[in-house]
Amino acid sequence: MDNGAFGLILQQKPARVLLAVSREGGTYASVISREIESTFSHTTNILGKLEEQGIVMFEQDGSDNRVKRVELTQKGEATAALVEELSAVLDGKKTGKKGTAGKKTKMAASRKYALDFGEKLEMIKAKIKLISGEELEGRGRISQEDYVRIGRRLGPYRRELRKIIETGGKGDVKKARGLDGEIEKVFGERERLRG
């Protein structure tokens, strides 16, 4: 067992960072720091440690070399599924059963993600409303910086919705398409207000 990774994941903030990356899909340190109510520097420090352990990876986002998107590796996805399962057991939402690693764990994680789509869709709906209100409400025009920031804030949710559209059940797909339409409306308003 790699005690470094084990000790890291069992700490509250790193576990919350891991779960936030898992929920958000490809996202940014700034989004994660807001979600877990942590400073940006502390969040990037944790992400650096998770990267050292092979749990997350960073990818350049477009032409801006300073902006990096963070995503889970395959090891990170398996780790996040187990941390979510452990959290459910500790919260009394699930009884602890001795599990097996490998395919069964991945299948259980897939079923769990399918069950979580409804919850995830509600969270995305709330985030779209929050971002729209914070960024556009009562504004006559927005700067290029605002324009880019809105895209960066909503982009990860749009990617998550596309994943749900590809893999979700009929009802979840319908809701995800509706929310994708809401993001499209925000992008239309963003375009209209662009300075």
Side-chain angles (χ1 to χ4, degrees), residues 2-87 105-106 109-110 112-113 116-117 119-128 130-132 134-135 145-168 176 179-180 183 186-187 190:
D2 183 349
N3 287 329
F6 185 74
L8 178 65
I9 294 302
L10 289 182
Q11 296 176 42
Q12 181 185 22
K13 285 286 185 176
R16 290 181 68 201
V17 167
L18 174 68
L19 295 177
V21 175
S22 175
R23 278 191 305 273
E24 300 290 335
T27 189
Y28 306 93
S30 58
V31 173
I32 297 166
S33 63
R34 279 192 298 271
E35 185 169 325
I36 69 165
E37 298 175 352
S38 178
T39 64
F40 179 77
S41 62
H42 187 59
T43 302
T44 55
N45 183 31
I46 291 169
L47 286 168
K49 290 177 182 177
L50 291 173
E51 182 182 34
E52 288 172 12
Q53 297 297 330
I55 294 171
V56 300
M57 63 183 172
F58 290 95
E59 291 185 0
Q60 296 300 111
D61 191 23
S63 61
D64 188 347
N65 291 336
R66 297 170 298 153
V67 179
K68 293 183 181 178
R69 199 176 66 224
V70 62
E71 294 185 10
L72 293 178
T73 62
Q74 194 170 15
K75 177 181 176 181
E77 289 174 5
T79 304
L82 292 171
V83 169
E84 285 185 18
E85 190 171 339
L86 175 61
S87 177
T105 303
K106 287 181 184 175
S110 296
K112 178 168 182 11
Y113 287 135
D116 285 346
F117 282 161
E119 186 177 307
K120 196 175 278 192
L121 287 166
E122 286 302 313
M123 184 272 299
I124 291 172
K125 181 179 179 180
K127 293 286 187 177
I128 294 168
L130 174 75
I131 292 167
S132 176
E134 288 177 352
E135 298 285 359
E145 184 179 293
D146 295 332
Y147 182 89
V148 170
R149 186 180 56 248
I150 293 166
R152 286 188 180 145
R153 289 183 74 186
L154 287 172
Y157 300 116
R158 189 160 225 191
R159 284 189 290 277
E160 192 63 31
L161 289 171
R162 289 190 179 136
K163 286 181 192 174
I164 294 171
I165 290 168
E166 290 171 9
T167 61
L179 290 175
D180 191 58
I183 289 177
V186 174
F187 281 168
R190 173 184 77 154

If you compare all heavy atoms of [X] against all heavy atoms of [Y], which two are closest, and at what distance to 0.1 Å?
X      : Y      : result
Ile36  : Ala20  : CG2-CB, 4.1 Å
Ile165 : Ala176 : CG1-CB, 3.6 Å
Tyr28  : Pro156 : CE1-CG, 3.8 Å
Leu50  : Pro14  : CD1-O, 4.3 Å

What is the distance from atom [atom1] of [X] to atom [atom2] of [Y], rounded to the nearest 0.5 Å?
X      : Y      : atom1 : atom2 : answer
Gln74  : Met57  : CD    : CE    : 10.0 Å
Ile32  : Lys13  : CD1   : NZ    : 12.5 Å
Ile124 : Ile164 : CD1   : CD1   : 4.5 Å
Ile183 : Lys127 : CD1   : NZ    : 12.5 Å
Ile55  : Thr79  : CD1   : OG1   : 5.0 Å
Leu154 : Ile128 : CG    : CD1   : 6.5 Å

Side chain Ser132, main chain Val186, donor-acceptor under 3.5 Å: no
Donor-acceptor under 3.5 Å (Arg190 side chain, Tyr147 main chain):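 Yes, because the side chain of Arg190 sits within donor-acceptor range (under 3.5 Å) of the backbone of Tyr147.
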Residues in side chain to side chain donor-acceptor pair (under 3.5 Å) contact with Asp146, at least two apart in sequence or another chain: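 Once residues adjacent in sequence are excluded, the partners of Asp146 under the side chain to side chain donor-acceptor pair (under 3.5 Å) criterion are Arg139, Ser143, Arg149.
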Contacts of type side chain to side chain donor-acceptor pair (under 3.5 Å), residue Glu134, not counting sequence neighbours: Arg153
With a 4.5 Å cut-off on side-chain heavy atoms, are [Y] and [X] touching?
X      : Y      : answer
Phe58  : Thr44  : no
Arg34  : Ser30  : yes
Leu18  : Leu72  : yes
Arg158 : Asp180 : yes

Going by the rule side chain to side chain contact (heavy atoms under 4.5 Å, CB included), which residues pair with [X] if we only count those two or more places apart in sequence or in a different chain?
X      : result
Glu122 : Lys125
Leu19  : Arg23, Val83, Glu84
Ser33  : Phe40, Thr43

Candidate pair Arg159 and Arg69, rule side chain to side chain contact (heavy atoms under 4.5 Å, CB included), full reasoning: CA-CA 12 Å; Arg159 284 189 290 277; Arg69 199 176 66 224; 3.3 Å; yes
With Arg16 via salt bridge (Lys or Arg N to Asp or Glu O under 4.0 Å) - residues at least two apart: none
